[in-house]
Amino acid sequence: MRLAGPESSVTAEPRARKYKCGLPQPCPEEHLAFRMVSGAANVIGPKICLEDKMLMSSVKDNVGRGLNIALVNGVSGELIEARAFDMWAGDVNDLLKFIRPLHEGTLVFVASYDDPATKMNEETRKLFSELGSRTAKELAFRDSWVFVGAKGVQNKSPFEQHVKNSKHTNKYEGWPEALEMEGCIPRRSTAS
């Protein structure tokens, strides 16, 4: 009698291969892989991963209530700067000073946490719209929002999700569900 060893067993399910930032498939050449998760209520902080590098997370201790924004060079994929802006008790001018001077082709990754909108003013909403956001103009108290845009973008970004804060549909008491988004962003060419 011959016992079947593990090498002859085919009942084990093969584990799904994960690619950069945990994506289920690799990005095409000249694309940047990303995954973002908005904060969950006021408990779990957001995460922004690009090309297998965690740009912002609770573990890195660089996230906070409001808007968590990572600026990335659209050609090289290198992080320029990452900061959190408190949109409940903070000063919106700090956010404006951060996003007004962006260079053409700078990628802007945004993940909300707790409240993304209370301190937003018309200029802030307009700047995010110019970066490709469809929903920045309607963001409200405690909405969940993830967005990737770019300075100089011609169209609206395909990388945006928004869930309104609604007591009828909220997943957590007082907050909508966390949002998760992943994808592949084409690198900017240096010629543009």
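Counting begins at 1 with the first residue of the sequence.
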Considering all heavy atoms, the nearest [X]-[Y] contact:
X      : Y      : answer
Trp88  : Lys119 : O-CE, 3.2 Å
Gly39  : Ser144 : O-OG, 4.5 Å
Ala89  : Arg65  : CB-NH2, 3.6 Å
Ala84  : Val63  : CB-C, 4.0 Å
Cys184 : Leu23  : SG-CD2, 4.1 Å
Pro46  : Ala111 : CB-CB, 3.7 Å

Given side chains that start at C-beta, do those of [X] and [Y] come closer than 4.5 Å, heavy atoms only?
X      : Y      : value
Leu67  : Met120 : yes
Lys137 : Ser129 : yes
Arg188 : Glu104 : yes
Val59  : Met54  : no
Leu79  : Lys53  : no
Phe147 : Thr135 : no
Glu81  : Phe98  : yes

Derivation of the side-chain contact (heavy atoms from CB on, under 4.5 Å) call for Met181 and Val148:
CA-CA 10 Å; Met181 182 171 63; Val148 182; 4.2 Å; yes

So, taking the atom named [atom1] in [X] and the one named [atom2] in [Y], what distance separates them when rounded to the nearest 0.5 Å?
X      : Y      : atom1 : atom2 : result
Leu55  : Phe109 : CG    : CZ    : 7.0 Å
Ser38  : Gln161 : OG    : CD    : 8.5 Å
Glu130 : Ile99  : CD    : CD1   : 9.5 Å
Asn93  : Asn121 : CG    : CG    : 7.5 Å
Ser58  : Asp61  : OG    : CG    : 8.0 Å
Tyr19  : Asp52  : OH    : CG    : 12.5 Å

When you measure from the side chain of [X] to the backbone of [Y], do you find a donor-acceptor pair of N or O atoms at a distance under 3.5 Å?
X      : Y      : value
Arg142 : Asp114 : no
Asn73  : Glu78  : no
Asn68  : Ser112 : no
Arg83  : Ile69  : no
Arg125 : Ala136 : yes
Asn62  : Ser57  : yes
Glu160 : Arg134 : yes

Shared ILVMFWY cluster between [X] and [Y], side chains joined below 4.5 angstrom?
X      : Y      : value
Ile48  : Trp145 : no
Val37  : Phe34  : no
Val72  : Val110 : no
Val108 : Ile185 : no
Leu139 : Val146 : no

Whether Lys164 and Glu138 form a salt bridge (side-chain N of Lys/Arg under 4.0 Å from carboxylate O of Asp/Glu) is what I want to check.
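Salt bridge flag = no for Lys164 with Glu138.
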
Take a 6.0 Å sphere around CD of Glu122 and say whether it holds more than 12 heavy atoms from other residues, nucleotides or ligands.
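No.
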
Flag yes if more than 12 heavy atoms outside Lys156 fall under 6.0 Å of its NZ atom; otherwise flag no.
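Yes, enclosed.
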
What do the steps show when you test Phe128 against Leu95 for side-chain contact (heavy atoms from CB on, under 4.5 Å), and what is the final call?
CA-CA 11 Å; Phe128 281 118; Leu95 173 59; 4.2 Å; yes

Salt bridge (charged side-chain N to carboxylate O under 4.0 Å, His left out), paired with Glu182, selected from Lys18, Arg35, Lys20
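The salt bridge (charged side-chain N to carboxylate O under 4.0 Å, His left out) with Glu182 is passed solely by Arg35 among Lys18, Arg35, Lys20.
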
